[in-house]
Amino acid sequence: VTSTPATPRRLSVADLHASLRDPALESMNFLNEVSSRYPDAISFAAGRPTEEFFDVEAIHRYLRRYQEHLTVDKGLGPAEVSRTLMQYGRTKGIIHDLVVANLRTDEGIDVDPEAIVVTIGAQEAIFLVLRALRTDERDVVLAIAPTYVGLTGAAQLVDLPVITVPGGPHGTDLHTLTAALEQARQAGYRPRACYLVPDFSNPSGISLDVATRQALLDLAEAQDILLLEDNPYGLFTAGTERAPTLKSMDARGRVIYLGTFAKTGMPGARVGFVVADQLVDDPTGVPRLLADELSKIKSMVTVNTSPIAQAVVAGRLLENRGSLVAANQNEIATYRANLATLLTGLARHFPARKTPGVHWNAPAGGFFLVLSVPFVADDECLEISARQYGVLWTPMRHFHQSPEARRQLRLAYSSPTGPEQIEEGLRRLAALVTDRTEPAAPVVA
Ligand SMILES: Cc1ncc(COP(=O)(O)O)c(C=O)c1O
């Protein structure tokens with residue numbers, strides 16, 4: 001029996017959630033789509049970890065290592081081991097003790113395992129936190145700009161307006177932030193939190209110095225807001241000493257810490273977490289951990305994070321005695337070398353006196369830097385760059401609405417494979433920049 005395909009029902013986007021009309025939600029899809037249409041282009045676009053050290057066999061090894069941990073260290077029998085790995089599980093996750101050990105080893109953060117919710121990537125963690133903080137239309141979240149598009153998009157999903165605060169050349173400008181908070185309050189809003197990436201930010205590559213971190217914590221206390229510290233890149237230093245995380249300096253419980261194993265483990269596992277050790281008062285009884293409130297939301301969105309994926313991440317942690325710094329020695333060296341190649345190449349291709357209007361920052365680590373150019377570097381320009389020049393990058397307009405962002409592009413140096421590819425990518429980029437730059441007016445003697 002054959003059936004005729006049903007005529008698809010036509011719905012109007014006006015009858016769907018307002019976020020679906022917001023460009024933030026198109027952003028990731030658009031960028032992925034351009035990349036997939038030009039597979040041969042050299043990509044400075046994606047903030048992906050290098051694939052050089054991917055090893056499918058390691059997935060099996062990690063899984064076995066965690067299985068052994070459950071048996072030997074935790075004393076579980078075969079039925080309990082298979083239940084842990086294969087059954088629905090604890091909403092807050094099963095590897096919280098190992099996450100805590102890692103935070104202590106690598107980040108100087110000491111927290112109660114119960115304050116951790118293991119999530120499906122940091123993206124879910126961001127969503128859970130924003131969902132919890134949004135109570136009514138007065139609530140807003142501030143975000144240091146340029147801002148990771150995943151924050152802007154998740155805020156849209158929960159109808160939480162984002163007030164962007166320009167971070168300036170040092171990553172965060174406390175005067176501007178204070179002014180923005182006061183202005184928001186005067187306008188009748190209730191600022192709940194400020195989101196930022198203090199270490200090697202996506203997209204700017206900028207890190208905060210220690211004094212600014214301390215001042216920011218003081219500001220959060222004085223202004224009664226939370227800080228949402230998102231830290232996917234902190235351990236990828238290009239040589240300098242790491243600054244302490246805000247959470248490790250947070251004596252007053254102002255910081256909600258968002259973590260991920262996407263860049264330090266593998267993105268395909270889709271495992272992240274949130275540290276939410278704030279206490280939530282409830283008129284009916286004893287205070288609870290914010291993590292438990294987030295877990296209620298998670299139970300209605302994703303139920304629990306795949307225990308198999310958690311086990312893979314756990315195996316990597318166990319194999320490296322809890323240290324992702326140790327686990328990522330090859331990756332750290334690769335990103336460091338890529339950054340050095342990129343900075344040297346930029347200086348060679350764009351000598352200051354011959355290419356006015358072209359400049360860039362020199363981050364101390366991470367995956368990204370920002371290149372300013374003397375023409376509009378928007379989605380249309382990206383399309384031309386991919387099609388005619390074979391090089392991909394990300395227009396900064398996806399992260400910031402400021403006029404200067406129109407003439408900026410983010411270069412991700414984490415995934416190109418080696419100096420030759422970076423050099424060839426730069427050669428292609430230099431050709432685009434030369435062709436798009438108006439020739440300087442001739443000097444009249
Ligand atoms: C700043 C920032 N936060 C969060 C994420 C999302 O991480 P995950 O893949 O764990 O969801 C990314 C990924 O690029 C990121 O750059």
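Everything numeric in this text was worked out from a predicted model, so none of it was measured. Order of listing sets the numbers, starting from 1, for every ligand and every atom in it.
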Exercise for review: Evaluate the criterion side chain to side chain contact (heavy atoms under 4.5 Å, CB included) for residue pair Val373 and Leu432; output intermediate values, then yes/no.
Suggested key: CA-CA 11 Å; Val373 290; Leu432 170 84; over 6 Å; no
Practice item. Please verify whether a non-hydrogen atom of Phe368 lies at under 4.0 Å from ligand 1. Key: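 Phe368: no contact with ligand 1 (<4.0 Å).
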Exercise for review: Run the contact test for Pro232 against ligand 1 with a 4.0 Å cut-off on heavy atoms, strictly below, and give the result.
Suggested key: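 Pro232 counts as a contact of ligand 1 under the 4.0 Å cut-off.
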Return yes if a side-chain donor-acceptor contact under 3.5 Å exists between [X] and [Y], otherwise no.
X: Arg254; Y: Gln223; answer: no
X: Tyr389; Y: Arg428; answer: no
X: Ser207; Y: Asp199; answer: no

Between [Y] and [X], is there a salt bridge with N-O shorter than 4.0 Å?
X: Asp97; Y: Lys74; answer: yes
X: Glu33; Y: Arg37; answer: yes
X: Glu293; Y: Lys296; answer: yes

Which ligand 1 atoms are under 4.0 Å away from a heavy-atom of [X]?
X: Gln123; answer: 11 (O)
X: Arg270; answer: 8 (P), 9 (O), 10 (O), 11 (O)
X: Tyr195; answer: 1 (C)
X: Ala262; answer: 9 (O), 10 (O)

Do me a favour and list the nearest non-hydrogen protein atom to [atom] with residue, atom name and distance?
atom: atom 14 (O) of ligand 1; value: Lys263 NZ, 2.8 Å
atom: atom 5 (C) of ligand 1; value: Tyr148 OH, 3.3 Å
atom: atom 16 (O) of ligand 1; value: Tyr233 OH, 2.6 Å

Point to revise | Tyr189 atom OH, over 12 foreign heavy atoms within 6.0 Å | key: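 No, because the 6.0 Å sphere around OH of Tyr189 holds 12 heavy atoms or fewer from other groups.
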Review point. Is ligand 1 under 4.0 Å from a heavy atom in the side chain of Phe200, in the backbone, in both, or in neither?
Key: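 Looking at Phe200 and ligand 1, no heavy atom falls under 4.0 Å.
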Exercise for review: Name the option, out of Ala125, Ala46, Ala122, that contains the heavy atom nearest to atom 7 (O) of ligand 1.
Suggested key: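 Ranked by closest heavy atom to atom 7 (O) of ligand 1, first place is Ala122.
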**Study point:** Heavy-atom proximity to atom 2 (C) of ligand 1, best of Leu151, Asn202, Asp230, Thr260
**Key:**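 Residue with the shortest heavy-atom distance to the ligand atom: Asp230.
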